[in-house]
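Only one structure is covered here, and it is reproduced in the block below.
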Amino acid sequence: TPKPSSAASDVYKRQGLVLVLGKEPKYFTAAVRRALGAVAKLDGVKLVATVPREKARGLPPSIENRGLLDAEGYASLLGEAQVALGLGDPVLGPGALDALEHGCAVVQVKYAKPRVEKWVNPRLPWRTQHDFADAVGAPWVVSTTLDAFPGAVARAVELQRSLPKVESRLPESYGDAAILERIAAWLAAA
């Protein structure tokens, strides 16, 4: 997980900057493209993605693609972004938690019916793209349908206007120290 800079309190969000979390063209389905087109029409919103340049053909023209970034560049972009936008895939990718760590509000897909993924614990049906991020809840995480993305993004950008500095939105239980403590306990019990 990329970390906010040590001078995170001196880093400010760029008004209206929305980071699209999908890094693969396959995630830009027709429904996603319609939703992104509607979000791009919001006043003052700028959509940015980090799709590898060799895979970026066919991205919607409303998205500025910065190409695949190294960890430092991606952390910097997360620090500038006000909102991170999940496209529905991949389920349980790290982007939502990285975004929250860097002070972004997250708007992600809520599935019409629970989704089972054989590569992501098939015993757990997922209600949203990232149920752990969804547990953070409003106002920092909004899980909704693609057609409701414009309103959710507009509200998230407005929320960020009053809080322009980078500040982690992750609960303490999601932090590195808490995770390492749980891993140590699991290993000690094994």
Full working for side chain to side chain contact (heavy atoms under 4.5 Å, CB included) between Lys41 and Ser62: CA-CA 9 Å; Lys41 291 178 183 173; Ser62 58; over 6 Å; no

Derivation and outcome, salt bridge (Lys or Arg N to Asp or Glu O under 4.0 Å), residues Asp89 and Arg115: CA-CA 11 Å; Asp89 277 301; Arg115 182 170 160 177; 2.4 Å; yes

Test log, rule side chain to side chain contact (heavy atoms under 4.5 Å, CB included), inputs Phe28 and Leu87: CA-CA 8 Å; Phe28 293 84; Leu87 305 180; 3.9 Å; yes

Residues Thr145, Tyr111; criterion side chain to side chain contact (heavy atoms under 4.5 Å, CB included); working and verdict: CA-CA 7 Å; Thr145 59; Tyr111 303 122; over 6 Å; no

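Separating the SG atom in Cys104 from the CD atom in Glu167 is a distance of 13.0 Å, to the nearest 0.5 Å. Put simply, CG on Leu146 and NZ on Lys110 are 13.5 Å apart, with the number rounded to the nearest 0.5 Å. For the atom pair Leu19 CG and His102 NE2, the distance stands at 11.0 Å (nearest 0.5 Å).
Residue Lys23 places its NZ atom among more than 12 non-hydrogen atoms of other residues, nucleotides or ligands, all under 6.0 Å distant. The environment of Glu54 atom CD is dense: over 12 non-hydrogen atoms of other residues, nucleotides or ligands sit within 6.0 angstrom. More than 12 heavy atoms of other residues, nucleotides or ligands sit less than 6.0 Å from atom CG of Asp70.
Under a hydrophobic clustering in which Ile, Leu, Val, Met, Phe, Trp and Tyr are joined whenever their side-chain heavy atoms come within less than 4.5 Å, directly or via other members, Val116 and Val109 fall into different clusters. Following chains of ILVMFWY side-chain contacts shorter than 4.5 Å, one can reach Trp140 starting from Leu85, so the two form part of one hydrophobic cluster. In this structure, Ile179 is not a member of the same hydrophobic cluster as Leu97, with clusters built from ILVMFWY side-chain heavy atoms closer than 4.5 Å.
Remark: Thr29 engages no residue in a side-chain hydrogen bond (donor to acceptor under 3.5 Å, both in side chains) (not counting sequence neighbours). Arg123 pairs by the side-chain hydrogen bond (donor to acceptor under 3.5 Å, both in side chains) definition with Asn121, not counting sequence neighbours. For Lys55, the side-chain hydrogen bond (donor to acceptor under 3.5 Å, both in side chains) partners are Glu24, not counting sequence neighbours. A search for side-chain hydrogen bond (donor to acceptor under 3.5 Å, both in side chains) contacts involving Asn65 returns nothing, not counting sequence neighbours.
A pairwise comparison of heavy atoms in Leu69 and Tyr74 identifies CB-N, 3.8 Å as the closest pair. The two atoms that bring Gly22 and Tyr27 nearest to each other are CA-CD1, 4.0 Å, heavy atoms only. Across Leu77 and Arg66, no two heavy atoms sit closer than the pair CD1-NH1, 3.3 Å. Shown here for Ala133 and Leu100, the closest heavy-atom pair between the two residues is CB-CD1, 4.2 Å. Heavy atoms only, all atoms of each residue included: Leu78 and Lys13 are closest at O-NZ, 3.1 Å. Across all their heavy atoms, Pro171 and Val136 have their closest contact at CD-CG2, 3.7 Å.
Residues Val48 and Val18 have side chains not in contact (no heavy-atom distance under 4.5 Å, counting atoms from C-beta outward). Counting heavy atoms from C-beta outward, Val157 and Leu42 have side chains that stay 4.5 Å or more apart. The shortest side-chain heavy-atom distance between Ile63 and Pro60 falls under the 4.5 Å cut-off. No side-chain heavy atom of Val106 sits less than 4.5 Å from a side-chain heavy atom of Val142.
For the pair Glu80 (side chain) and Arg14 (backbone), a donor-acceptor distance under 3.5 Å is absent. With Glu117 contributing its side chain and Pro122 its backbone, the two residues share no donor-acceptor pair below 3.5 Å. Side-chain N or O atoms of Gln160 include one that pairs as donor or acceptor with a backbone N or O of Gln82 at under 3.5 Å. One N or O on the side chain of Tyr174 and one on the backbone of Phe132 form a donor-acceptor pair closer than 3.5 Å. Using modelled atom types, no side-chain atom of Lys46 and backbone atom of Leu17 make a donor-acceptor pair closer than 3.5 Å.
Among the candidates Val107, Val83, Val45, the single residue satisfying the side-chain contact (heavy atoms from CB on, under 4.5 Å) test with Val39 is Val45. When the options Leu47, Val51, Val20 are evaluated for a side-chain contact (heavy atoms from CB on, under 4.5 Å) with Leu59, the one that passes is Val51.
Judged purely by distance below 3.5 Å, without hydrogens or angles, the side chains of Arg161 and Gln15 pair a donor atom with an acceptor atom.
Each salt bridge (charged side-chain N to carboxylate O under 4.0 Å, His left out) pair with one or both residues in residues 133-151, not counting sequence neighbours, appears once here: Arg127-Asp134. Screening residues 179-190 for side chain to side chain donor-acceptor pair (under 3.5 Å) gives no qualifying pairs among residues at least two apart or on separate chains.
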